[in-house]
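Everything below concerns the one structure shown next.
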Amino acid sequence: MAMGYSDKVMDHFINPRNVGEIENPDGVGEVGNAKCGDIMKVYLRVEDGILIDVKFKTFGCASAIATSSMATELIKGKPVADALELTNRAVVEALDGLPAVKMHCSVLAEEAVRSAIKNYYDTHGIAYNPALFAGLDEEHDHGDLAEEV
Ligand code: FES
């Protein structure tokens, strides 16, 4: 087991679920971590308030890929409002843990989902409490890497 990764992390890294993009998505979010340079993009398809499809593209480490994969699995088929409650902790638990130095990768996955939902709300004229997305835009410096995804 490399670097103390669980079997589930290895499984979702080697065989990630929901990789790809959705054409004309109802919501799309992109976040990056300025320190490691990893970037995640999440696409949403929404019908009657339900996330009928979720896809992702991650340019990043094994944990970033595994957490994106698990995050999309956890929210697919759920109401949008439920997906907004997804925490990085829930993603880590579903993966049977992550090494401490890799916890920020799960934070990135949570934020990619939240960013995509914010975009869905914004582009569909759905009112929301801005506090729900507090801190989402400030923490990230997408830098030039964003162009490469
Ligand atoms: Fe930064 Fe994994 S090392 S997201």
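Just so it is clear, the values below take in all heavy atoms, side chains as well, and ignore hydrogens, waters and symmetry mates. Atoms within a ligand are numbered from 1 in the order they appear, just like the ligands themselves.
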Which heavy atom of the protein is the closest neighbour of [atom], given with residue, atom name and distance?
atom: atom 4 (S) of ligand 1; answer: D38 OD2, 3.0 Å
atom: atom 3 (S) of ligand 1; answer: H104 NE2, 3.3 Å
atom: atom 2 (Fe) of ligand 1; answer: C61 SG, 2.2 Å

(Q) I need the atoms of ligand 1 closer than 4.0 Å to a non-hydrogen atom of C105, numbered in the order shown. (A) 2 (Fe), 3 (S), 4 (S)

(Q) Only heavy atoms of K102, strictly under 4.0 Å: list the atoms of ligand 1 that pass. (A) 3 (S)

Q) Does a side chain donor of either Y128 or D122 reach within less than 3.5 Å of an acceptor in the other side chain? A) yes

**Q.** Between S68 and T58: side-chain donor-acceptor atoms closer than 3.5 Å
**A.** yes

Q.
Quick check against the 3.5 Å criterion: does D96 have a side-chain atom that pairs as donor or acceptor with the backbone of S6?
A. no

Q) Would a distance-only check, ignoring hydrogens and angles, find a side-chain to backbone donor-acceptor pair under 3.5 Å from D26 to Y120? A) no

Donor-acceptor list for residues 9-16 side chains, cut-off 3.5 Å, not counting sequence neighbours:
unit_1	atom_1	unit_2	atom_2	d
D11	OD2	R17	NH2	2.8
H12	ND1	S69	OG	2.7

Q.
Any N/O/S atom, side chain or main chain, of C36 closer to atom 1 (Fe) of ligand 1 than 2.8 Å?
A. yes

